[in-house]
Participant: 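Supplied in structure tokens, the structure appears directly below.
Just so it is clear: chains get the letters A, B, ... in the order the sequence lines come, proteins before strands, and each one is counted from 1.
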There are 2 protein chains.
Amino acid sequence: MAANSQFAIAIHVLTILAKGGDERVKSDYIAGSVNTNPVVIRRLLSNLQDARIVVSQVGASGGSSLAKQPKDIHLSEVYKALPCGEVFALHAKEANQDCPVGKNMAAFLCGLQKEIDKSIEEKLHQYTLRDVLEKIEEA
Amino acid sequence: MAANSQFAIAIHVLTILAKGGDERVKSDYIAGSVNTNPVVIRRLLSNLQDARIVVSQVGASGGSSLAKQPKDIHLSEVYKALPCGEVFALHAKEANQDCPVGKNMAAFLCGLQKEIDKSIEEKLHQYTLRDVLEKIEEA
DNA sequence: CTAAACTGTATCAAAAGAGGTTACAAAATA
DNA sequence: TATTTTGTAACCTCTTTTGATACAGTTTAG
């Protein structure tokens with residue numbers, strides 16, 4: 001496939017914006033640090049804007065910056081802002097509905113999926129962008 | 001397909017084996033309930049055998065059955081037995097090592113990845129195959 | 001007012017993973 | 001010995017993600 005790395009890139013992007021403070025950072029610059037194409041960054045920033053985590057300005061001397069303080073950006077927000085996949089997928093084809101197990105499997109798995117997702121969000125809620133920044137800087 | 005559904009299928013397969021008790025269940029039968037090809041099931045069973053969760057017998061009147069009691073099979077074992085992907089992937093290309101953020105990003109993200117994975121395993125450890133069986137049967 | 005600098009997005013190509021299929025060897029049973 | 005069943009390799013196709021190009025729309029600077 002091409003495993004989904006949007007969350008990882010988002011953390012990278014946000015860390016750069018956090019370091020930039022109030023200054024607008026250009027997608028070109030960010031792409032240079034992440035080592036990818038500026039469009040990939042802009043696409044991602046678009047999602048982060050929808051979630052009100054960053055603000056971007058179009059036009060000359062435009063760019064992006066954080067919409068709030070790093071200490072107020074929980075990683076769970078970032079996770080929820082992006083189309084990250086589930087930990088495991090359900091089987092694409094519907095199970096055999098004539099089988100007592102197959103019939104009830106999807107509902108069970110779907111519930112389990114949600115529970116796991118909640119665990120992940122809780123874990124990510126323990127960290128803010130400030131924590132990330134500190135770890136990156138002390139390294 | 002993109003998303004990995006091996007874990008979901010594994011739970012389905014194991015539930016069927018659990019219902020089958022000591023009897024050997026054929027991959028053909030399981031495939032019928034999951035609604036896929038028998039080879040897909042056998043590939044999965046191969047992983048579950050390596051993890052000593054199931055035992056299979058080759059040859060006429062062969063098939064698979066659980067290697068231990070449903071109450072002793074934690075879903076975390078199943079998760080660990082399979083090549084499930086991480087919640088998020090790291091970026092395929094290495095970040096710009098000249099950038100102070102890029103330079104330290106991978107290490108941080110890798111640590112976060114492991115932490116999340118641990119959360120998932122802890123969550124899944126709360127359930128055994130017996131719990132699954134009960135929920136499936138009461139539905 | 002115009003040129004330049006950016007973002008926002010559409011569209012396309014390329015890469016990689018997953019699942020599905022067929023085929024067949026090896027093993028166990030009847 | 002013929003049959004049944006697993007184990008696995010090989011190959012195809014579908015889907016998703018990333019990367020890349022192109023260009024419209026918006027700001028700012030001069």
Participant: Given side chain to side chain contact (heavy atoms under 4.5 Å, CB included), test B:Glu137 with B:Lys19 step by step and report yes or no.
Facilitator: CA-CA 10 Å; B:Glu137 285 181 334; B:Lys19 280 204 103 171; 3.2 Å; yes

Participant: With heavy atoms under 4.0 Å as the rule, sort A:Ser64 into base, sugar-phosphate or nothing.
Facilitator: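 No contact at all - A:Ser64 keeps every heavy atom at 4.0 Å or more from the nucleic acid.
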
Participant: Yes or no on salt bridge (charged side-chain N to carboxylate O under 4.0 Å, His left out) for A:Lys68 and A:Glu77, after CA distance, side-chain angles and deciding distance?
Facilitator: CA-CA 12 Å; A:Lys68 46 188 173 178; A:Glu77 280 177 77; 2.8 Å; yes

Participant: Please check the phosphate of D:dT6 (OP1 and OP2 only) for any side-chain N or O of B:Ser27 closer than 4.0 Å.
Facilitator: yes

Participant: Strictly below 4.0 Å, heavy-atom distances to any atom of DNA chain C: list the hits from residues 29-45 of chain A, or just say none.
Facilitator: A:Val39, A:Arg42, A:Arg43

Participant: For B:Lys123, is the NZ atom crowded, meaning more than 12 foreign heavy atoms sit under 6.0 Å from it?
Facilitator: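 More than 12 within 6.0 Å, yes.
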
Participant: Strictly below 4.0 Å: does A:Lys93 bring a side-chain N or O up to OP1 or OP2 of C:dG19?
Facilitator: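 Answer is no, no contact under 4.0 Å.
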
Participant: Please verify the inter-ring angle class for B:Phe7 with A:Phe88; under 30° counts as parallel, over 60° as perpendicular, anything in between as tilted.
Facilitator: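 Answer is tilted, since the angle falls between 30° and 60°.
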
Participant: Of the options D:dT5, D:dT18, D:dT27, whose atoms approach the side-chain atoms of A:Ala60 most closely?
Facilitator: D:dT27

Participant: Counting neighbours of CD on A:Gln69 that are heavy atoms of other residues, nucleotides or ligands and sit closer than 6.0 Å, is the number greater than 12?
Facilitator: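 12 or below, so no.
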
Participant: Within the structure, does a side-chain N or O atom of A:Gln49 lie under 4.0 Å from either OP1 or OP2 of C:dG8?
Facilitator: yes

Participant: Rounded off to whole Å, could you give me the CG-to-P distance for the A:Leu90 and C:dA18 pair?
Facilitator: 16 Å

Participant: Distance-only, no hydrogens or angles: does the B:Asp131 side chain make a donor-acceptor pair with backbone N or O of B:Thr128 under 3.5 Å?
Facilitator: yes

Participant: What is the distance, to the nearest angstrom, from the CG atom on B:Leu48 to the P atom on D:dG7?
Facilitator: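 Nearest whole value for this atom pair: 11 Å.
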
Participant: Without decimals, in angstroms, what is the distance between A:Gln6 CD and D:dT17 P?
Facilitator: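 So the two atoms are 7 Å apart, to the nearest Å.
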
Participant: Report the distance from atom CG of A:Asn47 to atom P of D:dT18, rounded to the nearest whole Å.
Facilitator: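 Atom-to-atom, A:Asn47 to D:dT18, this comes out as 11 Å.
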
Participant: Once you round it to whole Å, what is the distance between P of D:dT3 and CG of B:Asp28?
Facilitator: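 It is 18 Å, rounded to the nearest whole Å.
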
Participant: Nearest-nucleotide wise, let me know which of B:His91 and B:Gly63 is further upstream toward the 5' end of DNA chain D.
Facilitator: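 Residue closer to the 5' terminus by nearest nucleotide: B:Gly63.
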
Participant: Can you measure A:Asp50 atom CG to C:dG8 atom C1' for me and round it to whole angstrom units?
Facilitator: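 For the pair A:Asp50 CG and C:dG8 C1', the rounded distance is 12 Å.
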
Participant: Is a side-chain donor or acceptor of A:Thr15 paired with a backbone partner of A:Ile11 at a separation under 3.5 angstrom?
Facilitator: yes

Participant: For D:dT8, take OP1 and OP2 only and decide whether either is under 4.0 Å from a side-chain N or O of B:Ser46.
Facilitator: yes

Participant: Taking only the side-chain nitrogens and oxygens of A:Gln57, find out if one of them lies under 4.0 Å from OP1 or OP2 of C:dA5.
Facilitator: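 For C:dA5, OP1/OP2 do not have a side-chain N/O of A:Gln57 under 4.0 Å.
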
